[in-house]
Amino acid sequence: MSAENLAGKWTRKCGRTLFDSITCVVFLFLDFLDAVLCVVFKLVDEFFEGNACTPCYCGKAGDKNGGNKETEMLSESLYGRKYMLRNMGFLGFARKWRIYRKKKDDRDGSVNEGLMVNRWSDCGCQSCVSWMKKEYDQKLHVVVKNLPQVGRGDEAAENVIFLHGFLSSSSFWTETIFNNLSESVKDHYRLFAVDLLGFGRSPKPNDCMYTLLDHVERIDKSVISPFHLNSFHLVAHSMGCLIALALAAKYPKLVKSVTLVAPPYLPCAKDGATTSLMALNTFAGKTLWPPLAFGKSVMSWYEHVGRCFCVLFCSNHRIWEMILKLFTLRRELNFMEVDLTRHTHHSAWHNMHNVICGAAKLMDKYLEILNKSRSVKVCIIHGDHDMEVPLDCSNNMKMKFPELVELNMIENVDHTSVILGRVREFAKSLQHIWASS
């Protein structure tokens, strides 16, 4: 090896070591900060909310619900996230304080379970607190486009349910694909764009733990049952892909096709806990670069640091929207700018862990059901420059279920531009999938 190559290799190794050292120091500080904020939020929550506050996940799995059935549905990543400072000395004070308060409340008989209140740190606008209304019926917000039927009844129409991804809403579909379908398609299809639980204009309750099954049950109650769907197609992006597969596995005889865009799929390990933790490290691993990945890792690993961000931005999303309009001189903001902060920390946290990470261990079971039915067509569309969901996710699904899955890799597009950068092409591909199912 030449002296020049040796020097270059040594420089790269030193740079890598320096970067890893800085990363370790930064996340060590965040470990400490999150533990301190745990105590701070606990005190502030009790001051503003009394005993109605929602417990955090800084303790052990058994500290919250005693190992009941609801706890078993939670993702292992909630309690299994590894912290360098979690078990050191005074950093366990937050968990001890919570146990002490629980025992004291039990003695005083002051526990008020089931009380529905709006958290002091969440937004109080109409769409964010719709779940508190007396007439609230637990249904999701759904945009329905009843397209004209030529000599046909509604029962004969083809139905399509669109599910958005993480930190998004039904606008992701209504502002893009809905406006780019051909006239011939508009005579035969009825479209449903769903705001998933916790996002957009759908309910954002703080008194429950979001799981994959919660989404499936809400979609069933909000779309399938009230509209009496006897068959339908599914189109989903990112996080919505996991919900779509669960829904298809529940109704394999009703689903005609499933189109998945960048599905966050991992082959299930023998231990489900391993799969969930692997998903957390794959989709939100601890890293400083690029900045978007760093932000995602902070929001996914540090419950209380992430809540600070949501207190500042999400609970004041109307103010930030007004400021953005003022500086950009625009009367209307782009739907992606609006959707980014229209959620609560509670909803984002549980969807990240209980859907994206927790559902990873269930996907193989759902795909096996669809594979055995031999009546459902699963089509995957993935951009080859996707930095959010690795290409291995789609490739692994194709390799494990070659007869069920049809993979279409799109060149020179990333996680969002695979749709937003080629809306007409994507609409045409959907039409082809529906027609051939």
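Values below: all heavy atoms of this structure, side chains included; hydrogens, waters and symmetry mates excluded.
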Using 0.5 Å steps for rounding, measure from the OG atom of S437 to the CD atom of E158. 8.5 Å

Would you give the length of the straight line joining atom CG of L333 to atom OG1 of T328, rounded to the nearest 0.5 angstrom? 6.0 Å

Do N354 and T211 have side-chain N/O donor and acceptor atoms under 3.5 Å apart? no

For W301, is the NZ or CZ atom of K286 found under 6.0 angstrom from the centre of its six-membered ring and inside 45 degrees of the ring axis? yes

Checking side-chain polar atoms at under 3.5 Å, does N351 have a donor or acceptor matched by the opposite partner on H215? yes

Using 0.5 Å steps for rounding, measure from the CG atom of L260 to the SG atom of C241. 4.5 Å

Could you check whether atom CZ of R422 has more than 12 heavy atoms from other residues, nucleotides or ligands sitting under 6.0 Å from it? yes

Please check if atom CZ in R330 has more than 12 non-hydrogen atoms from other residues, nucleotides or ligands closer than 6.0 Å. yes

So, for W289 and F294, is the gap between ring centers shorter than 6.0 Å? no

With no hydrogens and no angle check, is any side-chain donor or acceptor of S225 less than 3.5 Å from a backbone partner on K221? no

Output, in order, the C-alpha distance, side-chain angles, deciding distance and verdict of salt bridge (charged side-chain N to carboxylate O under 4.0 Å, His left out) for R81 and D34. CA-CA 13 Å; R81 293 166 289 128; D34 199 66; 5.3 Å; no

Taking the side chain as every heavy atom from C-beta outward, state whether S121 and C310 have any atom pair closer than 4.5 Å. no

Using the ring centroid of each side chain, check whether F178 and W173 are separated by less than 6.0 Å. no

For K361 and E76, run side-chain contact (heavy atoms from CB on, under 4.5 Å): C-alpha distance rounded to whole Å, both residues' side-chain angles, the deciding distance at 0.1 Å, then the answer. CA-CA 10 Å; K361 58 189 176 185; E76 288 79 4; 2.9 Å; yes

Evaluation steps, side-chain contact (heavy atoms from CB on, under 4.5 Å), between N412 and H385: CA-CA 6 Å; N412 302 320; H385 288 177; 3.6 Å; yes

What residues, two or more places apart in sequence or in another chain, satisfy ring pair (Phe, Tyr, Trp, His ring centres under 6.0 Å) together with Y265? none

Under 4.0 Å between a Lys/Arg side-chain N and an Asp/Glu carboxylate O for K139 and D220? no

Has R218 got a side-chain atom pairing as donor or acceptor with D214's backbone, closer than 3.5 angstrom? no

Atom of A249, atom of P252 and distance for their closest heavy-atom approach: O-CD, 3.3 Å

Do any N or O atoms from the side chain of D195 and from the backbone of L140 form a donor-acceptor pair under 3.5 angstrom? no

Would you say the ring centers of H233 and F162 fall short of 6.0 Å from each other? no

Quick check: does any side chain N or O of T275 sit under 3.5 Å from a backbone N or O of A269, one acting as donor and the other as acceptor? yes

Output the distance between atom CZ (F41) and atom CZ (R119), rounded to the nearest 0.5 Å. 9.0 Å

Write out all pairs satisfying side-chain hydrogen bond (donor to acceptor under 3.5 Å, both in side chains) with one or both partners inside residues 15-28, taking only residues at least two apart or from two chains. R16-D20

Is it true that F232 and F192 have ring centroids separated by less than 6.0 Å? no

Between S169 and R201, a side-chain donor and acceptor under 3.5 Å: no

Give, for atom NE2 of H317 and atom CG of D339, the distance between the pair rounded to the nearest 0.5 Å. 11.0 Å

Indicate yes or no for a side-chain donor-acceptor contact from S300 to the backbone of K296 under 3.5 Å, with no hydrogens or angles considered. yes

Answer whether the closest heavy-atom distance between the side chains of L197 and E217 falls below 4.5 Å. no

Side-chain heavy atoms of M409 within contact of N395, under 4.5 Å: yes

Check: H237 ring centre within less than 6.0 Å of H415 ring centre: yes

Chi angles and distances behind the side-chain contact (heavy atoms from CB on, under 4.5 Å) call for I224, L247: CA-CA 10 Å; I224 298 176; L247 192 63; 3.9 Å; yes

Exam field: side chain S417 to backbone V413, donor-acceptor pair closer than 3.5 Å: no

Could you tell me whether a side-chain N or O of S394 sits under 3.5 Å from a main-chain N or O of L391, the two making a donor and an acceptor? no

Measure from the side-chain N and O atoms of K204 to the backbone N and O of S202, and report whether any donor-acceptor pair falls under 3.5 Å. yes

Which atoms form the tightest heavy-atom contact between A193 and T174, and what is the distance? CB-CG2, 3.7 Å

How about D414 and M387: do any of their side-chain heavy atoms sit closer than 4.5 Å? no

When every non-hydrogen atom of V389 is compared with those of D386, the smallest separation belongs to N-OD1, 2.9 Å

Heavy-atom side-chain contact between H382 and V418 under 4.5 Å: no

Near K398 NZ, under 6.0 Å, is it more than 12 heavy atoms from other residues, nucleotides or ligands? yes

From the list M352, H353, H346, side-chain contact (heavy atoms from CB on, under 4.5 Å) with W349 holds only for H353

S297 to T287 - nearest heavy-atom pair and separation: OG-O, 3.7 Å

Using a 3.5 Å distance criterion without hydrogens, assess whether the side chain of Y57 forms a donor-acceptor pair with backbone atoms of G80. no

Would you say K372 has more than 12 foreign heavy atoms packed within less than 6.0 Å of its NZ? no

In terms of heavy-atom contacts, K400 and D364 come closest through NZ-OD2, 2.6 Å

Grab the two heavy atoms, one from S429 and one from F426, that are nearest each other, plus how far apart they are. OG-O, 2.6 Å

Salt bridge flag under 4.0 Å for residues K377 and E406: yes

Between D122 and S315, is any side-chain donor less than 3.5 angstrom from a side-chain acceptor? no

Between atom CG of L324 and atom CG of L329, what is the distance when rounded to the nearest 0.5 Å? 10.5 Å

Any non-hydrogen side-chain atom of L191 less than 4.5 Å from a side-chain atom of V143? no

What I'd like to find out is whether the side chain of T282 reaches to under 4.5 Å of the side chain of L266, using heavy atoms alone. yes

Walk me through it: do L229 and Y251 pass the test side-chain contact (heavy atoms from CB on, under 4.5 Å)? CA-CA 11 Å; L229 303 190; Y251 297 106; over 6 Å; no

Within 45° cone of F199 ring axis and under 6.0 Å: R342 NZ or CZ: no

Do Q431 and L181 have side chains that get closer than 4.5 Å, going by heavy atoms? yes

